[in-house]
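Letters go in sequence order (proteins before strands), and every chain restarts at 1.
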Amino acid sequence: DVKVTQSSRYLVKRTGEKVFLECVQDMDHENMFWYRQDPGLGLRLIYFSYDVKMKEKGDIPEGYSVSREKKERFSLILESASTNQTSMYLCASGELRGRGEQFFGPGTRLTVL
Amino acid sequence: AQKITQTQPGMFVQEKEAVTLDCTYDTSDPSYGLFWYKQPSSGEMIFLIYQGSYDQQNATEGRYSLNFQKARKSANLVISASQLGDSAMYFCAMREALSGNTPLVFGKGTRLSVIA
């Protein structure tokens, strides 16, 4: 079974803190994705990566950065957390070829106070 | 413009009945794929079913089937014989250009509640 793990299920941080959300997948997938999910807005793509050290902006990249130093790991960074970044963050991975199905991690619920 | 539209924020269904969750999509790309995911209260997104734009038959996976009407650009999910465990958020998603690195685009979701 594909396994996508995220470093924390729940996280509470203060405004202005630097926040790291880690995601690891064990299926050797080329693609990895970070979404945020807010009530009534569905899933919105923040960044994705199709190879090591490669990244592409999604629909809402402002206030976020990412890092992919190894194929299995994709990190989301909030350089200076703000209260409007309180959300559920979902990581996913998927193959480059084929139908493009994405496999998701359990999510991290981040609260910024 | 929204690429994926789910017009039903919430739905109720009686246990053992069938339910249809609506999804319409917008694309000019002839090659695309359509997906449905389930998100229980635990938060994890679970892949349910896939339909390719060139597939001749509607996709089925157990109690899930996809009513694909290409000319209407709709891809409704049908759940037969609903169970209490089907209560969850359901998301429709699309991937354009079946090759390459295009990510999925998601709708806003429909919350399904199954009543005993």
Side-chain angles (χ1 to χ4, degrees), chain A residues 1-6 8-11 23 27 29-51 54-61 66 68 74 87-110, chain B residues 1-10 21 23-25 27 29 31-55 59 61 66 68 75 88-111:
Chain A
D1 276 355
V2 176
K3 193 79 171 173
V4 180
T5 57
Q6 295 183 228
S8 305
R9 289 301 303 270
Y10 300 94
L11 207 54
C23 176
M27 282 301 292
H29 285 158
E30 296 90 350
N31 293 341
M32 296 189 74
F33 309 85
W34 275 107
Y35 295 88
R36 68 176 279 176
Q37 182 181 7
D38 300 288
L41 297 179
L43 276 73
R44 293 180 291 166
L45 182 65
I46 305 172
Y47 269 98
F48 70 102
S49 168
Y50 54 88
D51 202 352
M54 304 302 289
K55 61 184 178 183
E56 294 281 346
K57 291 181 180 179
D59 300 318
I60 51 163
V66 290
R68 192 164 182 204
F74 192 35
S87 187
M88 169 73 98
Y89 290 88
L90 291 163
C91 175
S93 72
E95 292 181 341
L96 182 64
R97 282 160 286 278
R99 61 192 193 184
E101 178 184 345
Q102 291 177 191
F103 299 88
F104 284 81
T108 295
R109 188 166 294 282
L110 172 67
Chain B
Q2 280 191 1
K3 290 196 177 249
I4 296 286
T5 302
Q6 295 180 253
T7 57
Q8 307 151 313
L21 306 183
C23 173
T24 57
Y25 58 92
T27 182
D29 194 324
S31 300
Y32 54 89
L34 296 157
F35 302 76
W36 277 93
Y37 283 82
K38 171 185 179 181
Q39 187 182 42
S41 56
S42 59
E44 188 161 354
M45 296 281 283
I46 302 165
F47 166 73
L48 294 178
I49 196 166
Y50 169 83
Q51 180 86 41
S53 59
Y54 296 117
D55 293 344
E61 291 284 348
L66 202 152
F68 181 47
M89 282 291 290
Y90 289 82
F91 291 95
C92 180
M94 176 175 66
R95 184 190 189 208
E96 295 173 298
L98 292 179
S99 62
N101 297 318
T102 51
L104 297 184
V105 175
F106 287 83
K108 295 184 178 181
T110 295
R111 182 172 297 281

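Using a 4.5 Å cut-off on side-chain heavy atoms (C-beta onward), A:Val66 and A:Phe74 make contact. Side chains of A:Leu110 and A:Arg36 form no contact here, defined as non-hydrogen atoms less than 4.5 Å apart. Counting only heavy atoms from C-beta outward, the side chains of A:Leu43 and B:Tyr37 never approach each other to under 4.5 Å. A 4.5 Å side-chain heavy-atom check between B:Thr102 and B:Tyr32 finds every atom pair outside the cut-off.
The aromatic rings of A:His29 and A:Phe103 sit parallel, their planes meeting at an angle under 30°, below the 60° perpendicular limit.
For A:Leu45, the part sitting under 4.5 Å from any heavy atom of chain B is the side chain, from C-beta outward, and nothing else. Proximity to chain A is limited to the side chain of B:Gln39, based on heavy atoms less than 4.5 angstrom apart. Residue contact with chain B, scored on non-hydrogen atoms closer than 4.5 Å, involves the side chain of A:Arg9 exclusively. For A:Gln37, the part lying under 4.5 angstrom from a heavy atom of chain B is the side chain only.
Between chain B and the residues A:Gly58, A:Ala92, A:Gly40, the most heavy-atom pairs under 4.5 angstrom are made by A:Gly40.
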